[in-house]
Amino acid sequence: MGFGKFLLKRGLQGVFVIWGVVTVVFFLRFLTPGDPTATLLPPDAGPEVRQRLRENLGLDQPLHVQYFDYIQDLVVLDFGTSMSNGQPVSARILTRLPATIELAVAATVVAVVIAIPLGVVSARRRHEPADYAATTFSLVGISTPNFWLGIMLIILVGVNVSFIETNGRPVGLGAALAALAFERSVSELGNWLGAIFLPAITLGTYFTALITRLTRSGMLEEINKTYVKACRAKGIPETLTLYKHVLRNTLIPIVTVLGLQLGTLIGGAVITESVFAWPGLGRFLIISINNRDWTSIQGTIIVIGAGFVIINIAVDALYAYLDPKGVAE
């Protein structure tokens, strides 16, 4: 199978998966108890008012008509109107999406910067104190719940360090970089770094522990292969062998995991965003659930699901590009 056909096949599979997510999310609304109009109207609203609102929301139409209308609107990225405030859901999602992407990317950067050197040191110092420390860190990091870690960081660090913000996102990365470029001001960038520091550590801790273990096990597996023994027999320095050959081969599966986990981070940021009042999609989803705002819930879940699918396809394409034999098979 050629690379083009591989991409086409993955693209069609992705469209099918997104359609499945849309369908499940749409019909899930009708399986939940209660009338959506009950949260939008006062308790003493009359039947005529409730019926008029149902007609305005299209809830009086047959189920299949609502479904096809919804699919038709989604084709042009119209997620409908928010049931809680009447604003377009697409616009509300677009205002929240950058914050979630910033947090997910920052958590990934934290994980990569810490985990790969830690995994390399752990493999090089196997059965030494540094290896035991790295292994213990990995075990603790994987076992620690995000919400507990976030609260502890707020209490222990956020309260005592003045420049760290623990309640929201005072400025976006784009605005901070614009201030740096056009006004030569670093204060906005400092505010952004101070706000994202603790949420990125909280969200990235599990990821850091996972990548550390993968790097360590991958390095140990590669170190025992024939080409490493050949490098040593030729007198190539050990550091050069490890970082140029062993680590390079170890990084191929880690790149795949990085891409897949990035999608997971976007979807899994709900708890971290809630703890730090981070104005991203996760917090928006929680607020929409509390308000029983079904159009916003559907739109947010679909965007998160589509993002996860797109990232998976991109990772598959990158992996196929790096390993064409896998595509042929």
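Between L103 and the choices T202, L203, T108, the side-chain contact (heavy atoms from CB on, under 4.5 Å) rule is met once, by L203.
Taken together through direct or relayed side-chain contacts under 4.5 Å among Ile, Leu, Val, Met, Phe, Trp and Tyr, W192 and L180 form part of one hydrophobic cluster. In the hydrophobic clustering of ILVMFWY residues, with side-chain heavy atoms under 4.5 Å counting as a link, L77 and I301 come out apart. Follow the hydrophobic side-chain contacts under 4.5 Å out from I71 and you reach V89 in the same cluster. The hydrophobic clustering, which links ILVMFWY residues whose side-chain heavy atoms are closer than 4.5 Å, places I211 and F137 apart. Residue L214 is grouped with residue V246 when hydrophobic side chains (ILVMFWY) are merged at heavy-atom distances under 4.5 angstrom, including chains of intermediate members.
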Q. Between R232 and T241, is a side chain to side chain donor-acceptor pair (under 3.5 Å) present by the stated rule, with each step listed?
A. CA-CA 8 Å; R232 288 170 177 165; T241 302; over 6 Å; no
(Q) Does R283 form a side chain to side chain contact (heavy atoms under 4.5 Å, CB included) with I271? I'd like the steps, not just the answer. (A) CA-CA 8 Å; R283 189 158 182 262; I271 295 174; over 6 Å; no
Q: Test side chain to side chain contact (heavy atoms under 4.5 Å, CB included) on V22 and L74 and set out the steps.
A: CA-CA 9 Å; V22 170; L74 285 184; 3.5 Å; yes
**Q.** Full working for side chain to side chain donor-acceptor pair (under 3.5 Å) between N290 and S288
**A.** CA-CA 5 Å; N290 290 334; S288 300; over 6 Å; no
**Q.** I196 and W278: CA distance, side-chain angles, deciding distance, side chain to side chain contact (heavy atoms under 4.5 Å, CB included) verdict
**A.** CA-CA 9 Å; I196 204 170; W278 190 259; 3.7 Å; yes
Q: Verify side chain to side chain contact (heavy atoms under 4.5 Å, CB included) between T166 and V159, making sure each step is shown before the conclusion.
A: CA-CA 8 Å; T166 60; V159 173; over 6 Å; no
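Between G150 and V275, the shortest heavy-atom distance links the atoms C-CG1, 4.1 Å. In terms of heavy-atom proximity, I313 sits nearest to G14 at CD1-CA, 3.9 Å. Minimum interatomic distance between L220 and A123 (heavy atoms only, all atoms of both residues): CD2-O, 3.7 Å. Closest approach of V121 to A130, counting heavy atoms only: CG1-CB, 4.1 Å. Closest approach of S138 and T212 over heavy atoms only: OG-CG2, 3.4 Å. Taking each heavy atom of I289 and I297 in turn, the nearest pair found is CA-CD1, 3.7 Å.
Counting only distance, with no hydrogens or angles, the side chain of E102 and the backbone of L173 share a donor-acceptor pair below 3.5 Å. Not a single donor-acceptor pair under 3.5 Å links the side chain of E165 to the backbone N or O of G194. With T250 contributing its side chain and T215 its backbone, the two residues share no donor-acceptor pair below 3.5 Å.
Using a 4.5 Å heavy-atom threshold, the side chains of R92 and D293 count as touching. Counting only heavy atoms from C-beta outward, the side chains of I223 and K229 never approach each other to under 4.5 Å. Side-chain contact between L193 and F197 is absent, with no heavy atoms from C-beta onward closer than 4.5 Å. The closest side-chain heavy-atom distance from V112 to F207 is not below 4.5 Å.
Separation of atoms CG (L118) and OG1 (T208) is listed at 9.0 Å; rounding is to 0.5 Å. The line from CZ of R169 to CZ of F276 is 15.5 Å long, rounded to the nearest 0.5 Å. Note that OG of S296 is 9.5 Å distant from CD of Q298, once rounded to the nearest 0.5 Å. Taken from CZ in F147 to CD1 in I151, the straight-line distance is 6.5 Å, to the nearest 0.5 Å. The CD1 atom of I142 lies 7.0 Å from the CG atom of L139; values are rounded to the nearest 0.5 Å. Taken to the nearest 0.5 Å, the CG atom of L281 stands 7.0 Å off from the CD atom of E273.
Annotation: salt bridge (Lys or Arg N to Asp or Glu O under 4.0 Å) contacts of D69 (sequence neighbours excluded): none. By the ring pair (Phe, Tyr, Trp, His ring centres under 6.0 Å) test, Y67 is found to be paired with F26, F27, residues two or more places apart in sequence or in another chain being considered.
Classified by interplanar angle (parallel below 30°, tilted 30° to 60°, perpendicular above 60°), the ring pair H64/F68 is perpendicular.
A 6.0 Å sphere centred on CZ of F308 holds more than 12 heavy atoms belonging to other residues, nucleotides or ligands. The local environment of CZ in R213 is sparse, with at most 12 non-hydrogen atoms from other residues, nucleotides or ligands closer than 6.0 Å.
Electrostatic pairing of R216 and D131 counts as a salt bridge here, judged by a charged N lying under 4.0 Å from a carboxylate O.
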